[in-house]
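Comments concern the structure below.
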There are 2 protein chains.
Amino acid sequence: MYFRALVFLEKNQKDYISSSELAEFVHIKPPQIRKDFSYFGAFGTKGIGYDIKNLINEIQSILKLDSPQKAALIGAGKLGTALCLFPGFKAYGFEISAIFDKDPDKIGKKIGNTTIEDVATVDSLTQRNIKLAILAVPANTAQSTTAELVQAGITGILNLSPCYLDVPPDVKVVTIDIAMELGALPYYI
Amino acid sequence: MYFRALVFLEKNQKDYISSSELAEFVHIKPPQIRKDFSYFGAFGTKGIGYDIKNLINEIQSILKLDSPQKAALIGAGKLGTALCLFPGFKAYGFEISAIFDKDPDKIGKKIGNTTIEDVATVDSLTQRNIKLAILAVPANTAQSTTAELVQAGITGILNLSPCYLDVPPDVKVVTIDIAMELGALPYYI
DNA sequence: AGTTGTGAATTTATTCACAGCA
DNA sequence: TGCTGTGAATAAATTCACAACT
């Protein structure tokens with residue numbers, strides 16, 4: 001979140017930002033920000049604040065976003081296609097360099113300039129050294145596809161289906177359940 | 001999350017579930033579940049567990065998901081269209097009953113059986129008594145569109161653009177930043 | 001015998017407040 | 001003077017452990 005904010009604020013005129021200014025922007029209290037950063041090092045200058053460019057580099061390095069990351073998209077349906085064409089991944093250095101689907105009508109076609117491959121061949125990810133997958137398949141096939149991804153050496157999965165995925169402890173899953181997030185709104189209203 | 005899990009587990013043979021069984025399913029510890037429920041009431045039976053159907057009803061009522069909810073989609077691009085056709089909202093009682101876009105080529109066309117309207121006419125949401133909006137517009141127009149939505153009486157926004165939205169205190173925003181979630185994976189790997 | 005509901009204990013997260021430095 | 005970095009203080013969340021109940 002800090003990374004996203006700083007990349008945005010980098011465009012402004014200023015070179016330095018204080019924890020209070022950043023705090024106002026991300027709606028978090030200043031000591032929280034300083035404490036968060038302090039877990040990883042001392043990136044600021046007393047009396048001045050944080051050099052924005054330098055801080056971006058530090059966070060990029062902490063998050064391992066300092067080298068380009070290849071990701072595979074599994075599921076070239078409406079949502080998968082939308083994500084594939086979504087420009088937002090670039091800011092984090094992600095490139096979707098492989099797309100898989102099980103639909104024979106889609107295999108061989110292209111999204112952008114990436115050709116859709118048969119999901120039965122996900123094991124090729126091992127050789128291609130792709131470690132990240134965006135899973136945009138129906139909930140009922142999510143778990144079985146996940147098993148194949150893990151088999152293919154995937155260690156990070158962004159799961160867009162509304163279900164929990166069982167994976168070995170060395171695989172990290174982040175689940176985004178869009179309907180569930182919407183489901184929380186009426187309570188607050 | 002409990003709601004999602006219980007709706008799924010409802011399909012199984014059993015009528016009752018203990019906090020330990022539910023805990024295993026959602027990967028949360030049993031006392032956490034009991035404590036969470038206890039903030040809202042005593043829904044279980046000692047020695048037996050929770051009546052699944054009854055618990056679903058209780059949670060539905062807490063979350064205000066017990067009556068159908070109308071939502072408006074703002075932005076009929078690839079992502080918006082995918083969301084609109086996404087079946088997952090139904091489980092929570094949501095219906096996307098209005099779609100808006102600013103592109104004249106899209107206005108008047110249909111997604112599913114809902115006609116796309118001009119985003120300049122979002123103020124009609126007031127009369128239609130729609131209080132929820134799914135915002136799937138580019139980041140640079142998100143804030144200005146939000147202001148119009150608030151003006152039109154929207155009190156809950158599911159924001160899919162990677163930016164913070166400024167709203168009055170009586171409006172609740174939930175932001176899903178898909179790229180940011182993916183951005184967290186390399187750190188864990 | 002088995003499970004809930006909940007005060008107490010523990011752990012974790014947040015905030016304060018200020019020494020130390022530019 | 002102004003802001004960071006951080007130990008101490010406070011607040012919040014989680015977990016324990018067990019009485020109460022079916």
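Since this is a predicted model, take the numbers as computed values, not measurements. Here is the naming used below: chain letters follow the sequence lines, and residue numbers restart at 1 for every chain.
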Pairs under 3.5 angstrom only: tabulate donor-acceptor contacts from the side chains of residues 30-43 of chain A to other protein residues two or more places apart or in another chain.
residue	atom	partner	partner atom	Å
Gln32(A)	NE2	Asp36(A)	OD1	3.1
Arg34(A)	NH1	Ser19(A)	OG	3.1
Asp36(A)	OD2	Tyr2(A)	OH	2.6
Ser38(A)	OG	Lys35(A)	O	2.7

Would you call Met180(B) and Met1(A) a side-chain contact if the rule is heavy atoms closer than 4.5 Å?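 Yes, close enough: below the 4.5 Å cut-off.
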Rounded interatomic separation in angstrom, taking [atom1] from [X] and [atom2] from [N]:
X        : N       : atom1 : atom2 : answer
Ile28(B) : dT14(D) : CD1   : P     : 8 Å
Phe43(A) : dG5(D)  : CZ    : P     : 8 Å
Asp36(B) : dT15(D) : CG    : C1'   : 12 Å

With a 4.0 Å cut-off on N to O distance, would you call Glu21(A) and Lys14(A) a salt bridge?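 Salt bridge: yes.
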Regarding Arg128(B) and Glu117(B), does a basic nitrogen lie under 4.0 Å from an acidic carboxylate oxygen?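 Salt bridge flag = yes for Glu117(B) with Arg128(B).
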On the nucleotide dG2(C), are OP1 or OP2 found under 4.0 Å from the side-chain N or O atoms that Tyr16(B) carries?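 For dG2(C), OP1/OP2 do not have a side-chain N/O of Tyr16(B) under 4.0 Å.
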Looking at every non-hydrogen atom in both residues, tell me the closest pair between Leu65(A) and Gly183(B) and how far apart they are.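 Shortest heavy-atom contact: CD2-O, 3.7 Å.
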Which heavy atom in Gly153(B) sits nearest to a heavy atom in Lys131(B), and how many Å separate them?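 Heavy atoms of Gly153(B) and Lys131(B) come nearest at O-CD, 3.5 Å.
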Go through residues 20-27 of chain A and report each residue with a non-hydrogen atom lying under 4.0 Å from DNA chain C, sorted by number.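 The answer is none.
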Return a single string for nucleotides 16-22 of chain D, one symbol per nucleotide in 5' to 3' order, where B is base contact, S is sugar-phosphate-only contact and - is none, cutoff 4.0 angstrom on heavy atoms. BB--BBS
Verdict with reasoning, Leu83(A) to Ile134(A), per side-chain contact (heavy atoms from CB on, under 4.5 Å): CA-CA 9 Å; Leu83(A) 292 176; Ile134(A) 301 170; 4.0 Å; yes
Dump the pairs, protein N or O against N or O of nucleotides 10-13 of chain C, anything under 3.5 Å, distances to one decimal.
none

I need the single residue from Leu165(A), Val167(A), Asp170(A) that forms a side-chain contact (heavy atoms from CB on, under 4.5 Å) with Val150(A). Which is it?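 It is Val167(A); the other options fail the test.
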Between Thr114(A) (side chain only) and Ala98(A) (backbone N and O only), is there a donor and an acceptor less than 3.5 Å apart?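 It does not hold such a pair.
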No-hydrogen, no-angle side-chain donor-acceptor test under 3.5 Å, Thr175(B) and Asp177(B):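 Looking only at side-chain atoms, Asp177(B) and Thr175(B) do not form any donor-acceptor pair under 3.5 Å.
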Glu10(B): salt bridge (charged side-chain N to carboxylate O under 4.0 Å, His left out) partners, not counting sequence neighbours: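 Scan of Glu10(B) (salt bridge (charged side-chain N to carboxylate O under 4.0 Å, His left out), adjacent residues dropped) gives Lys53(B).
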Which parts of residues 51-66 of chain B get close to DNA chain D, meaning a heavy atom less than 4.0 angstrom away?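 Of all residues in residues 51-66 of chain B, none places a heavy atom under 4.0 Å from DNA chain D.
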Any chance NZ of Lys70(A) has more than 12 other-residue heavy atoms, nucleotides or ligands included, within less than 6.0 Å?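 More than 12 heavy atoms, drawn from other residues, nucleotides or ligands, come within 6.0 Å of this atom.
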Please work out which of the three classes, parallel, tilted or perpendicular, describes the rings of Phe25(A) and Phe8(A), given edges at 30° and 60°.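 Correct class here is parallel.
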For Phe37(A), answer base if it contacts any base atom (sugar-phosphate contacts may also be present), sugar-phosphate if it contacts only those atoms, and nothing otherwise; contact means non-hydrogen atoms under 4.0 Å.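 Contact class for Phe37(A): none.
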